[in-house]
A.B. asks: 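Attaching a single structure in structure tokens format; questions to follow.
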Amino acid sequence: MASIREKVVPIKKIDSHLHVWASPEENHASDGSSLREENDESWSDILGGVFIAWMLNAKEYPYFPGQETTLIGSSDDLLKSMEEAGVDGALIVQPINYMFDHSYVTSVLQKHPDKFLGCFLADPSDGGNGIAKLEHLVTKEGYKAMRFNPYLWPPNEKMNNEIGRKLFAKAGELGIAVGFMCFKGLLLHVEEIEDLCSQSPSTIVLIDHFGFCKPPLNEVEDKSLTRLLQLARLPQVYVKVSAFFRVSRDEFPYRDTWPVLKRLLSSFGAKRLMWGSDYPFIKNECGYVNAAEILPLAKSEEALLTDDELRWIMGETAQSVFGGAWSKSSS
């Protein structure tokens, strides 16, 4: 008798949410030789070598002041993780580490066009030329999505102010999606999102990380989840069931989030939900391979998902939103 695993039809896995940044092992000296070749003796001292590499790499792709990190998040490390997990492609979201400097992410997109699409960070600052940057990144560098981070808006301004509306509308005109990062809670921003959607109903919306809605244990958390579910009435809205660790109170496989997933399925349907890992932060949690197994575990142990639903959430929803992207990629 064939095993259950043998009966499972292979699915294309697309990671809808991850980040990359330059790391020591990617670094090359200014003359093109590797740092290891130039500093063989110093590499006997591993910590010294990593520190030197990190310093040189920081000069090539400098972090925004105050956003420095030592967490490895390079494209090489990511590709190895994706291969181990059987993930075929991904949407790279511009990390806050680089703020509005997209040069590193762009270099990765150019190097691996069949593996990755890019989501840039919207610049809503006064005099920041946000619209011009948007048009350049989309038409010249091929980005397919834009991220609204409400905490980058000028003080006392909201995402649906004049520049926010213009950015959101332009995204719809150019056919790119807009992701929303409501890190401090969906209730603080849901009315802004609803207003933007009403003004520009053709712009696709991606709500990051369950809308940062935790499995509700109190009235405020229940209201937050309810407001997320109510967004399902807007056909342009999709939800990333990503970064489970950010909303769960449990350890992997984050079973307390599964009732939330079930309610999202009921409201949005699988064709408007998409899985994401939140690499490289997931490395300090359950690990990338485990992140790619959360939904299959939910299916097999709790019967939350049908085969068809699993296939859509793990990859086909992302492919449909991004026009059939990743059709050539294969793990």
A.B. asks: Going by atom types only, do E141 and H102 share a side-chain donor-acceptor pair under 3.5 Å?
C.D. replies: no
A.B. asks: Closest heavy-atom contact between H209 and A243?
C.D. replies: ND1-CB, 3.4 Å
A.B. asks: Starting from the C-alpha separation in whole Å, work towards a yes-or-no answer on side chain to side chain donor-acceptor pair (under 3.5 Å) for Y288 and D15.
C.D. replies: CA-CA 11 Å; Y288 192 83; D15 191 337; 2.8 Å; yes
A.B. asks: Could you tell me if D101 and Y61 have a donor-acceptor pair between their side chains, going purely by distance under 3.5 Å?
C.D. replies: no
A.B. asks: Compare every heavy atom of F322 with every heavy atom of L117, then report the nearest pair and how far apart it is.
C.D. replies: CD1-CB, 3.7 Å
A.B. asks: Between the side chain of R272 and the main-chain N/O of V239, is any donor-acceptor distance below 3.5 Å?
C.D. replies: no
A.B. asks: Has Q94 got a side-chain atom pairing as donor or acceptor with C119's backbone, closer than 3.5 angstrom?
C.D. replies: no
A.B. asks: Between M159 and P150, what is the shortest heavy-atom contact and its length?
C.D. replies: SD-CB, 3.7 Å
A.B. asks: Does any non-hydrogen side-chain atom of C182 lie less than 4.5 Å from one of V190?
C.D. replies: no
A.B. asks: For the residue pair D126 and W153, establish whether any side-chain heavy-atom pair is separated by less than 4.5 Å.
C.D. replies: no
A.B. asks: Please report the interatomic distance NE2(H112) to CG(L79), rounded to the nearest 0.5 Å.
C.D. replies: 4.5 Å
A.B. asks: Kindly indicate whether the side chain of F180, heavy atoms from C-beta on, has any atom under 4.5 Å from the side chain of L186.
C.D. replies: no
A.B. asks: Please round to the nearest 0.5 Å and tell me the distance separating atom NE2 of H189 and atom CG of N149.
C.D. replies: 8.5 Å
A.B. asks: With a 3.5 Å distance limit and no angle check, can you tell me whether R249 reaches the backbone of P215 through a side-chain donor-acceptor pair?
C.D. replies: yes
A.B. asks: Under a 3.5 Å threshold, yes or no: a donor from one side chain and an acceptor from the other, between S242 and D278?
C.D. replies: no
A.B. asks: Looking at side-chain heavy atoms only, is the closest gap between T203 and L196 below 4.5 Å?
C.D. replies: no
A.B. asks: Judged by atom type as modelled, is there a donor-acceptor pair below 3.5 Å linking the side chain of K283 to the main-chain atoms of I72?
C.D. replies: yes
A.B. asks: Hey, do the aromatic rings of F183 and Y151 have their centres closer than 6.0 Å?
C.D. replies: no
A.B. asks: Check the pair F252, F245 against side-chain contact (heavy atoms from CB on, under 4.5 Å), reporting the backbone distance first and the verdict last.
C.D. replies: CA-CA 8 Å; F252 174 82; F245 68 91; over 6 Å; no
A.B. asks: Are L297 and I282 grouped together when hydrophobic residues (ILVMFWY) are joined by side-chain heavy atoms under 4.5 angstrom apart?
C.D. replies: yes
A.B. asks: Starting at SG of C213, measure out to CG of L228 and round the result to the nearest 0.5 Å.
C.D. replies: 4.5 Å
A.B. asks: Ring of F281, cation from R246 - is the NZ or CZ under 6.0 Å from the centre and inside 45° of the axis?
C.D. replies: yes
A.B. asks: Is the gap between the ring centers of F116 and W326 under 6.0 Å?
C.D. replies: no
A.B. asks: Indicate whether any N or O donor in one side chain lies under 3.5 Å from an N or O acceptor in the other, for D250 and S248.
C.D. replies: no
A.B. asks: Between D195 and R165, is there a side-chain N and carboxylate O pair less than 4.0 Å apart?
C.D. replies: yes
A.B. asks: Counting N and O atoms only, with roles assigned by atom type, does the side chain of N218 sit under 3.5 Å from a partner on the main chain of E221, one being a donor and the other an acceptor?
C.D. replies: yes
A.B. asks: For residues L225 and L231: do they belong to one hydrophobic cluster (side chain heavy atoms under 4.5 Å, members Ile, Leu, Val, Met, Phe, Trp, Tyr)?
C.D. replies: yes
A.B. asks: Check the pair E83, K80 against salt bridge (Lys or Arg N to Asp or Glu O under 4.0 Å), reporting the backbone distance first and the verdict last.
C.D. replies: CA-CA 5 Å; E83 183 176 6; K80 291 177 184 176; over 6 Å; no
A.B. asks: Do Y279 and D77 have side chains that approach each other closer than 4.5 Å (heavy atoms only, starting at C-beta)?
C.D. replies: yes
A.B. asks: Any chance the side chains of D123 and S125 put a donor and an acceptor closer than 3.5 Å?
C.D. replies: yes
A.B. asks: Determine whether L261 and L295 satisfy the following criterion, side-chain contact (heavy atoms from CB on, under 4.5 Å), listing intermediate values before the conclusion.
C.D. replies: CA-CA 10 Å; L261 174 61; L295 292 177; 3.5 Å; yes
A.B. asks: Could you see if I11 belongs to whatever hydrophobic cluster contains V241? Use Ile, Leu, Val, Met, Phe, Trp, Tyr and a side-chain cutoff under 4.5 Å.
C.D. replies: yes
A.B. asks: Indicate yes or no: does E316 engage K13 in a salt bridge with an N to O separation below 4.0 Å.
C.D. replies: no
A.B. asks: Counting N and O atoms only, with roles assigned by atom type, does the side chain of Q319 sit under 3.5 Å from a partner on the main chain of W312, one being a donor and the other an acceptor?
C.D. replies: no
A.B. asks: What's the shortest heavy-atom distance between V205 and F168, and which atoms?
C.D. replies: CG2-CZ, 3.6 Å
A.B. asks: Looking at every non-hydrogen atom in both residues, tell me the closest pair between E157 and N161 and how far apart they are.
C.D. replies: OE1-ND2, 3.1 Å
A.B. asks: Nearest 0.5 Å please: distance from the NZ atom of K115 over to the CD1 atom of I92.
C.D. replies: 11.5 Å
A.B. asks: Given E162 and K166, is the salt bridge (Lys or Arg N to Asp or Glu O under 4.0 Å) satisfied, shown in steps?
C.D. replies: CA-CA 6 Å; E162 182 178 1; K166 288 181 178 179; 3.2 Å; yes
A.B. asks: Please determine which of F120, Y63, F64 meets the ring pair (Phe, Tyr, Trp, His ring centres under 6.0 Å) test together with Y98.
C.D. replies: Y63
A.B. asks: Checking E309 against L265 for the side-chain contact (heavy atoms from CB on, under 4.5 Å) test, could you report, in this order, the C-alpha distance in whole Å, the side-chain angles of both residues, the deciding distance, and whether it holds?
C.D. replies: CA-CA 9 Å; E309 288 170 337; L265 271 169; 4.2 Å; yes
A.B. asks: Does D208 come within less than 4.0 Å of R147, counting only side-chain N to carboxylate O?
C.D. replies: yes
A.B. asks: Say whether, by atom type as modelled, one donor and one acceptor occur between the side chain of K240 and the main chain of S16 under 3.5 angstrom.
C.D. replies: yes
A.B. asks: What pair of heavy atoms forms the shortest contact from A291 to W275, and how long is it?
C.D. replies: O-NE1, 3.1 Å
A.B. asks: Is the shortest side-chain heavy-atom distance between N160 and E194 below 4.5 Å?
C.D. replies: no
A.B. asks: Any sub-3.5 Å donor-acceptor pair from T317's side-chain atoms to L273's backbone N or O?
C.D. replies: yes
A.B. asks: Do L109 and Y143 come close enough that some side-chain heavy atom pair is under 4.5 Å?
C.D. replies: yes
A.B. asks: Are any non-hydrogen side-chain atoms of L121 and L152 less than 4.5 angstrom apart?
C.D. replies: yes
A.B. asks: Same hydrophobic cluster for F100 and V138, using side-chain heavy-atom links shorter than 4.5 Å among ILVMFWY?
C.D. replies: no
A.B. asks: Can you label the angle between the H19 ring and the H17 ring as parallel, tilted or perpendicular, going by 30° and 60°?
C.D. replies: perpendicular
